[in-house]
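Down below is the structure, laid out as structure tokens.
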Amino acid sequence: MAAYLLLFTLQLLFGLIRPSLLQNISADLISVSPGANITLLCNITNYSQKSWYQMISAGLRQIISARQSSLNKHFYVDYNVDESHFYLTESSSSVSLVIIGVRETDLGFYYCGGRNDETHIQFGKLIRLNFTGQ
Ligand SMILES: *[C@@H]1O[C@H](CO)[C@@H](O)[C@H](O)[C@H]1NC(C)=O
Ligand SMILES: *[C@@H]1O[C@H](CO)[C@@H](O)[C@H](O)[C@H]1NC(C)=O
Ligand SMILES: *[C@@H]1O[C@H](CO)[C@@H](O)[C@H](O)[C@H]1NC(C)=O
Ligand SMILES: *[C@@H]1O[C@H](CO)[C@@H](O)[C@H](O)[C@H]1NC(C)=O
Ligand SMILES: *[C@@H]1O[C@H](CO)[C@@H](O)[C@H](O)[C@H]1NC(C)=O
């Protein structure tokens, strides 16, 4: 079921966000110096599962995902593509993505997604990460 949902999510995303459409989708530009740490805010709340995705030329990759505990309401990471490079912080009932030491391969488009145990999925606003001065 989880695999099916992930596949569905990816199909949905590829269907919705084709590169040709990107130029017309408003994205928040975040500029960062090479090697700095940066925090990307997710404006999706009220979902017990949260994920962050990066759009790269080869497609889409999931960076990190977390699940909210029904007991203490904290989010616990259940997937992280690179623990030495990414982590999550909780802020105002959502989860922000922290990138440690931003490098060239980190540049591009990011967004977060939220899902409850039902199949409803919502995505946050698009963030464009680029180096300062470019
Ligand atoms: C993007 O916006 C431009 C100007 O507003 C419009 O001409 C063009 O058709 C739009 N492209 C897409 C893919 O929506
Ligand atoms: C970036 O974050 C890492 C891990 O939290 C920390 O060790 C490092 O000092 C931070 N670097 C800067 C420039 O803040
Ligand atoms: C997130 O921000 C975008 C752009 O400002 C807005 O359109 C969207 O409604 C926001 N989503 C939520 C859940 O606040
Ligand atoms: C989130 O849930 C709270 C409490 O259930 C509700 O008051 C609030 O409007 C919800 N926010 C969104 C963005 O759905
Ligand atoms: C970063 O800025 C450069 C120079 O303006 C631009 O060519 C490039 O497309 C930008 N990258 C992203 C991911 O926005």
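Because the structure is predicted, anything quoted here is derived from the model rather than measured. We count ligands from 1, going down the list as the structure has it; atoms in each ligand are counted the same way.
Of the protein's heavy atoms, Tyr87 OH, 3.9 Å lies nearest to atom 5 (O) of ligand 2. Of the protein's heavy atoms, Asn37 ND2, 4.8 Å lies nearest to atom 9 (O) of ligand 2.
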| Worked verdict on Asp82 versus Arg103 for salt bridge (Lys or Arg N to Asp or Glu O under 4.0 Å) | CA-CA 14 Å; Asp82 182 354; Arg103 48 197 184 220; 3.7 Å; yes
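Judged purely by atom type and a 3.5 angstrom limit, Trp52 uses its side chain to pair as donor or acceptor with the backbone of Val95.
Linking ILVMFWY residues whenever their side-chain heavy atoms come closer than 4.5 Å, directly or via other members, places Phe109 and Tyr53 in the same cluster. With hydrophobic clusters built from ILVMFWY side chains whose heavy atoms lie under 4.5 angstrom apart, Ile99 shares a cluster with Leu107.
For atom 2 (O) of ligand 2, the nearest protein heavy atom lies closer than 4.0 Å. Protein heavy atoms are absent from the space less than 4.0 angstrom from atom 7 (O) of ligand 2.
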